[in-house]
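Before any comments, here is the structure.
As the structure is a computational prediction, the values presented were derived from the model and not from experiment.
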Amino acid sequence: MSPLFQATLPCGRLLSGPITMDNYHLGDLLVGEVRAPAQILERTPRMVAQQGLDHLLLQFYHSGTSRVEVAWGETDVARNTCVLFDLAQPVTVVTEPIHATNLLLPRALVAEKVPNLETLHGRAFDYETDRISRLFFTCVRELVDCVDVLDVHQLPHVSQAVAMLGSACLRGQVADRPAPEVQLSITIRQYIEKELASPGLDAETLAHQFGLSRATLYRQFASEGGVQRFIRERRLLRAMKMLTQAGPAGRPRVSTVAYATGFADEKTFSRAFKRRFGFLPRETEVGSSVWGRTADAQPVLQSWLKELAA
């Protein structure tokens, strides 16, 4: 599996302390433990688009602290708390030395039982005092301790049990419905995602579709620099995914990708792609790791909200 995060050292900090990560593949689940030094972890929109993971990562902290930054804001994670990362959304984590138990599971195992699961991205909850959360943590921790004695035929049943318990825990953490403004944001972004291939997708179309003024629509995308910039970013990220995750017939033609992502012509697409990533579409290699080559290297936490996880 490709790395889930880009890791860098905080400015002025030296690499010190133990670095260990033990992971166990249990069919549908990955469980394990991590001990890591202070670092900055980033999951960028580019990584999200290229990897296409639709999984949840839960980290139960035994020691250490972190600050988690996502589109909706920031939260602090400390000992005896669990943080959930939706790997279909960007995130930045600034962490001190930590020791944590990890659980990685497909969204499909819990999504039907936990409405609005995407709103838990970057949220932390106490697994020490909340009894259901404590039961969930105990199950995961015991699973890590006994993986060496599990029989392969037991794994599907174990995975199902963990997912069911996790659903009960997470269902207690999520709101029944997102706030109206959040729901509108989700709906608009879902529509954009569905219509990316349409060259006529623009601010005027969206304003008419949702009965909004241009000013109200702009406010929905103010943190992304406006709706047109958001649409352009989504188109380019989808194009990158198409070029780096080619099918059995190989990589699609650049012109095919351009039209499939709503660009009027190949020349306009290639120019925009190079500005965004620092190289031409035809220079993209299938399966390549491209982050770090972009001309726009400053990390950006797009308000690429919850709905894009679906």
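Looking only at distances, a side-chain donor or acceptor of Gln228 sits under 3.5 Å from a matching main-chain atom of Ala203.
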Going through the checks in order, is the side-chain contact (heavy atoms from CB on, under 4.5 Å) test met by Ile188 and Leu217? CA-CA 9 Å; Ile188 295 173; Leu217 182 63; 4.3 Å; yes
Apply the test side-chain contact (heavy atoms from CB on, under 4.5 Å) to residues Glu118 and Gln89: give CA-CA distance (whole Å), side-chain angles for both, the deciding distance (0.1 Å), then the verdict. CA-CA 9 Å; Glu118 63 278 356; Gln89 300 186 55; 4.0 Å; yes
Apply side-chain contact (heavy atoms from CB on, under 4.5 Å) to Val77 and Ile98, showing your working. CA-CA 10 Å; Val77 187; Ile98 66 163; over 6 Å; no
Do Ser133 and Gln173 pass the side-chain contact (heavy atoms from CB on, under 4.5 Å) test, and can you show the C-alpha distance, the side-chain angles, and the key distance before you say yes or no? CA-CA 10 Å; Ser133 299; Gln173 304 298 327; 3.6 Å; yes
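Enclosure of atom CZ in Arg271 by more than 12 non-hydrogen atoms of other residues, nucleotides or ligands within 6.0 angstrom is indicated. Within 6.0 Å of CD on Glu128 lie more than 12 heavy atoms contributed by other residues, nucleotides or ligands. Crowding of Lys113 atom NZ: a count of heavy atoms from other residues, nucleotides or ligands under 6.0 Å exceeding 12. Other residues, nucleotides and ligands contribute at most 12 non-hydrogen atoms within 6.0 Å of the CD atom of Glu204.
Of the residues Val68, Leu57, Val48, the one that meets the side-chain contact (heavy atoms from CB on, under 4.5 Å) test with Val91 is Val68.
Qualifying side-chain hydrogen bond (donor to acceptor under 3.5 Å, both in side chains) partners for Arg238, counting only residues two or more places apart in sequence or in other chains: Glu193. For the side-chain hydrogen bond (donor to acceptor under 3.5 Å, both in side chains) test, residues two or more places apart in sequence or in another chain that qualify with His62 are Thr101, Arg141. Taking the ring pair (Phe, Tyr, Trp, His ring centres under 6.0 Å) definition, one finds that Tyr127 meets it with Phe60, Phe137, sequence neighbours left out. Judged as a ring pair (Phe, Tyr, Trp, His ring centres under 6.0 Å), and not counting sequence neighbours, the contacts of Tyr191 are Phe210.
The shortest heavy-atom contact between Phe125 and Cys169 is CE1-SG, 3.7 Å. Across Tyr259 and Asp265, no two heavy atoms sit closer than the pair CE2-CA, 3.9 Å. Of all heavy-atom pairs spanning Leu155 and Gly27, the tightest one is CD1-N, 4.4 Å. Here the closest non-hydrogen pair linking Ser270 and Val254 is OG-CG1, 4.0 Å. Summarising the geometry of Asp54 relative to Ala88, their closest heavy-atom pair is OD1-CB, 4.4 Å, with the distance given to 0.1 Å. Scanning all heavy atoms of the two residues, the minimum distance from Leu84 to Asp86 falls at CD2-N, 3.9 Å.
Leu26 CG to Leu105 CG: the interatomic distance, rounded to the nearest 0.5 Å, is 11.5 Å. Distance check: Phe85 CZ to Leu41 CG gives 8.0 Å after rounding to the nearest 0.5 Å. One finds the CG atom of Leu4 at 5.5 Å from the CG atom of Leu87 (value rounded to the nearest 0.5 Å). From Ile132, atom CD1 reaches atom OG of Ser167 across 12.0 Å, with rounding to the nearest 0.5 Å. Atom CD1 of Ile231 sits about 4.0 Å away from atom CG of Leu201, to the nearest 0.5 Å. Distance check: Arg235 CZ to Arg276 CZ gives 15.5 Å after rounding to the nearest 0.5 Å.
The side-chain heavy atoms of Pro90 and Thr44, taken from C-beta on, include no pair separated by under 4.5 Å. Side-chain contact check for Gln209 versus Glu195: every heavy-atom pair is 4.5 Å or farther apart. In this structure the side chain of Leu143 never reaches within 4.5 angstrom of the side chain of Tyr24, judged on heavy atoms. Side-chain contact check for Val257 versus Phe273: every heavy-atom pair is 4.5 Å or farther apart. With contacts defined as side-chain heavy-atom distances shorter than 4.5 Å, the pair Leu117/Leu56 qualifies. Side-chain contact between Arg79 and Tyr61: absent, with no pair of heavy atoms (C-beta onward) separated by less than 4.5 Å. The shortest distance between side-chain heavy atoms of Leu58 and Leu170 falls below 4.5 Å. Side-chain contact between Thr244 and Thr284 is present, with at least one heavy-atom pair separated by less than 4.5 Å.
Cluster membership check: Leu150 does not share its hydrophobic cluster with Met164, using side-chain heavy-atom separations under 4.5 Å among Ile, Leu, Val, Met, Phe, Trp and Tyr. Under a hydrophobic clustering in which Ile, Leu, Val, Met, Phe, Trp and Tyr are joined whenever their side-chain heavy atoms come within less than 4.5 Å, directly or via other members, Leu29 and Val152 fall into the same cluster.
Cluster partners of Val34, using a side-chain heavy-atom cutoff of under 4.5 Å among ILVMFWY residues and allowing indirect links, are Met21.
Listed by first then second residue, pairs satisfying ring pair (Phe, Tyr, Trp, His ring centres under 6.0 Å) with a partner in residues 140-164 number zero, not counting sequence neighbours.
A cation-pi arrangement is present between Arg189 and Phe230, with the terminal nitrogen or guanidinium carbon under 6.0 Å from the aromatic centre and inside a 45° cone about the axis.
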